[in-house]
Structures are given as C-alpha cells and as structure tokens.
Amino acid sequence: MKLKRLSTALTLIGLSITSVSAYAENLRFGYASNATPTVEAMKKFAELVDQKTQGDVTITFFPDSQLGGEREMVELLQAGLLDITKVSGGLMESFAPVYGVFSMPYLFDSQAHFYKVMDNQDITTPIYESSKDQGILGLTYYDSGARSFYTSEKIIRSVDDLKGLKIRVMQSPTSIKMVKMLGGSPIAMGQADVYSSIQQGVLDGAENNEFALTIARHAEVAKHFSYDLHSRVPDILLISSATMQRLSPNQQQAVREAAKESTEFHKQAWAQAVNDAKETSEKQFGVTFYYPDISEFQAAVQPMYDELKSEPEKYQVYEAIRQQAEPK
C-alpha cells in the first residue's frame, strides 16, 4: 500500500512539474484532510506568496491525502519530492524530539496562553529549526484546538472510565505515554484509518478536536465527546530545507512573511468554525458532549513532568512556555 501511494505521489508530482514549467519556482504543497479554516489559511499562504513575489513563486496543492498521510508527506519533503506540507506537531516528535513538548498534557492554560507562546519567536524558532538536519524547517503554526477524548460506547467522565479502552493517538511517543498514564491502551495510527477502526471495534475511541467529528465524520461512529481538554498541539507548516535554500533571499523572506500572515488569518476564522462543528455534531449526528473534572486528569499525568526533567532540551522549552502563563 505504501509503495502504491508513493507511486501515485510521484506521478502526481511529475505531472505538476510538467504543467508549470513556465514558472520561475512552483512549490508543491501536499496535505491531509483538514478543517475548513486551516485549508483556507493554507490557500491564503499561497496567495500571499504569489503576491509578495509578483508571481515568481507559485504553489500547487495536493490536498486530502492524495500523496498519503502526514508521515508520508514529511518523508516526501525529506526526499526532495515535496516542497511544503502541514502536519501535527505531535507527529514531528518522531523527526525532532523537542516537538514532543507540545504533546505534554495540560501544557497550556488556555487558547490565549497558547497564542502568546506560539507567537513568541524566541520560543518557537529553535523548535522550527530543530529538524533542519532532517531536511525540514518549520515556518509557522496553525491552531488545532484543544484535544479531548471521544468514544463509541463508554462515556468518559473520570480517569477510571479510560481504563482498558483502546484509544487512537497520534504517532507521538508523548501522546502514547499520556494515554497509558490515564489507564487507556493507546494505538498509534494515521487519521485515515480511525473511522473504520472505531466502526469495526478495533478502537473504542480517539482523541482530537471537534473537527474530527465533522470533517472526518467520526461522529457517525463515536457519539460521546468528553471535554477533558488534555492538550493543545499546534499544526506546523513545514518547508523542505533544500527548497528554502533554492529560493533567493527575497523569496525566502516573502515565504516567511506569508506564513506568519496566514497564521493571523487562521486565528480569525478558527473560533467560529469550532462552534459550528460542535453544533453540527450535536444536531446532525446526535453527539453528546460531557464536561469532566479535569483536575483528576491533571493529577494522573503529573509524573510525566517529573520525568521530563531528565530531558534538558524539552524541559527548558517547557519552562519557557509556563513562564508565559498568567499568574494564578
């Protein structure tokens, strides 16, 4: 299956190169299925790059997992077969361990705290550059909301309710550890396989934001969504290091500016879209939302922070993030 996807990817990418050879630089941008605000932000990024370079740099999209899942697209970036992609920061932990900080549970106190940290270049730039040796550079982030648990049958009202449940997590060691500490049985898999796995009973549920219920239609097979709000993992806009080096200094600057401006565009659209997704899940799919006491969940994962002290690079980032929190 992976070879078939790679063959398809090479064919599609080859066609794009043939069809746009008249342009000075055409960058190939592949991504998986995403919520509408994120798709619109990526389109805005492309528009801004075109404007800022006066058409010298254009972008061709390969949307909705045409080239495979997020991991496959990062690997295509490394191989020089793709120029840009957008993936979860949780996945990036497999390529640069410091990204694992973002998957730590209850790292951010609120969306405001999240934005304050992610807009702080002193914190994020070293993280974005941590994968440089892997041939990948981070450009900016997009909000991907607060992640919570949702299930097909058992309602999660407390930590005890998670015991023994098979829960899909991102391909992130930190996310796997978190679910284990909460008593669940984590299963790492790509987003594309989650629906059928819940439907067939391979999974009891998953953890994600509200858009997984609507965009991926998980609400058809999982009717119970529990707002434990265990993490806020940013999406990361990535570019191949080789691609960035190929661009002129002015083009590089245009790409960086366009990326940051697309993040501001995304912020404006995100909040309303989340509310719409929740309303659709309730009214169209019959999903019920629950609000457990999160203090019990926070206490259960505290040992993860004690262990983090043994990883100085991650712990230093953690401390910088917590310093940005509002005093309690």
Side-chain angles (χ1 to χ4, degrees), residues 31-35 38 64-65 68-71 87-94 100 102-107 143-235 273-274 277-278 280-282 284-292 294 297 300-301:
Y31 63 86
S33 297
N34 284 278
T38 305
D64 302 327
S65 303
E70 291 191 340
R71 173 173 288 278
V87 302
S88 170
L91 172 69
M92 284 304 296
E93 183 180 1
S94 300
F102 291 136
S103 295
M104 291 293 290
Y106 303 105
L107 176 66
D143 193 348
S144 66
R147 300 179 76 91
S148 292
F149 294 108
Y150 55 94
T151 50
S152 57
E153 295 184 9
K154 189 170 184 179
I155 300 168
I156 298 174
R157 292 190 174 96
S158 69
V159 172
D160 283 344
D161 293 327
L162 268 165
K163 287 182 179 177
L165 294 188
K166 300 183 292 294
I167 301 294
R168 178 266 175 176
V169 297
M170 294 179 289
Q171 293 163 317
S172 155
T174 303
S175 295
I176 291 170
K177 182 183 291 186
M178 176 194 69
V179 172
K180 284 182 178 179
M181 296 208 74
L182 291 171
S185 298
I187 298 177
M189 67 170 62
Q191 179 78 337
D193 299 319
V194 177
Y195 183 104
S196 61
S197 295
I198 295 176
Q199 187 179 46
Q200 295 165 13
V202 175
L203 293 172
D204 295 304
E207 54 89 38
N208 210 324
N209 60 41
E210 298 88 343
F211 289 112
L213 299 174
T214 55
I215 303 301
R217 302 188 73 84
H218 292 177
E220 293 179 349
V221 293
K223 303 294 185 181
H224 309 294
F225 191 102
S226 298
Y227 274 117
D228 68 293
L229 306 172
H230 52 258
S231 63
R232 291 180 179 270
V233 182
D235 282 339
V274 169
K278 182 180 178 183
T280 298
S281 298
E282 288 178 313
Q284 183 175 328
F285 295 104
V287 173
T288 301
F289 291 85
Y290 305 87
Y291 300 84
I294 66 172
F297 292 81
V301 299

Subject >> Asp161 versus Arg157, closest heavy-atom pair with distance >> reply: OD2-N, 2.8 Å
Original post:
Can you check whether Phe102 reaches Pro234 side chain to side chain, under 4.5 Å on heavy atoms?
Top reply: yes
**OP:** Drop me the distance from Ser281's OG to His218's NE2, to the nearest 0.5 angstrom.
**Re:** 11.5 Å
Original post:
Does any donor atom in the side chain of Glu93 or Thr174 lie under 3.5 Å from an acceptor atom in the other side chain?
Top reply: yes
Original post:
Does a donor on one side chain and an acceptor on the other come within less than 3.5 Å for Tyr150 and His224?
Top reply: no
Subject >> Residues, nucleotides or ligands: over 12 heavy atoms within 6.0 Å of Glu153 CD >> reply: no
Subject >> Enclosure of Lys177 NZ (heavy-atom neighbours >12, cutoff 6.0 Å) >> reply: no
Subject >> Test item: Gln171 and Ile176 side chains (from C-beta on) under 4.5 Å apart, heavy atoms >> reply: no
Original post:
If you round to the nearest 0.5 Å, how far is CZ of Arg232 from CG of Asp143?
Top reply: 6.5 Å
Subject >> Heavy-atom side-chain proximity of Phe297 to Ile156 below 4.5 angstrom >> reply: yes
**OP:** Specify the closest pair of heavy atoms between Ser144 and Asn209, including all atoms of both residues, with the distance to one decimal.
**Re:** O-ND2, 2.5 Å
Original post:
Going from CG on Leu182 to NZ on Lys180, what distance comes out if it is rounded to the nearest 0.5 angstrom?
Top reply: 13.0 Å
Original post:
Quick one: does Arg71's side chain get under 4.5 Å of Ser94's, heavy atoms only?
Top reply: yes
Subject >> Between CD1 on residue Ile155 and OG1 on residue Thr288, distance to nearest 0.5 Å >> reply: 7.5 Å
**OP:** Taking the six-membered ring of Phe285 (Phe, Tyr or Trp), confirm whether the NZ or CZ of Lys223 is under 6.0 Å from its centre and within 45° of its axis.
**Re:** no
Subject >> Asp228 side chain reached by Tyr106 side chain, heavy atoms, under 4.5 Å >> reply: yes
Subject >> Minimal non-hydrogen separation, Gly184 against Pro186, with atom names >> reply: O-CD, 3.4 Å
Original post:
Heavy-atom distance under 4.5 Å between the side chains of Phe289 and Tyr227, does that happen here?
Top reply: yes
Original post:
Just how far is it from atom CZ of Phe225 to atom CD of Glu282, taken to the nearest 0.5 Å?
Top reply: 11.0 Å
Original post:
Side chains of Ser197 and Arg168: does their closest heavy-atom pair fall under 4.5 Å?
Top reply: no
Subject >> Minimal non-hydrogen separation, Ser148 against Ser226, with atom names >> reply: CB-O, 3.0 Å
**OP:** Verify the neighbour count for atom NZ of Lys154: are there more than 12 heavy atoms of other residues, nucleotides or ligands below 6.0 Å?
**Re:** yes
**OP:** Look at the rings of Phe149 and His230 and say which category their plane angle falls in: under 30° parallel, 30 to 60° tilted, over 60° perpendicular.
**Re:** tilted
Subject >> Where Ala146 and Leu229 come nearest, the two heavy atoms and their spacing >> reply: CB-CD2, 3.7 Å
Original post:
Looking only at atom types and distance, does a side-chain atom of Thr38 sit under 3.5 Å from a main-chain N or O of Asn34, one as donor and one as acceptor?
Top reply: no
**OP:** Output, in order, the C-alpha distance, side-chain angles, deciding distance and verdict of salt bridge (Lys or Arg N to Asp or Glu O under 4.0 Å) for Glu207 and Arg147.
**Re:** CA-CA 6 Å; Glu207 54 89 38; Arg147 300 179 76 91; 2.9 Å; yes
Subject >> Check: Glu220/Tyr195 side-chain N/O donor and acceptor closer than 3.5 Å >> reply: yes
Original post:
Where is the tightest heavy-atom contact between Asn208 and Gln191, given as atom of each residue plus distance?
Top reply: ND2-NE2, 3.6 Å
Original post:
Does any non-hydrogen side-chain atom of Ile167 lie less than 4.5 Å from one of Ile187?
Top reply: no
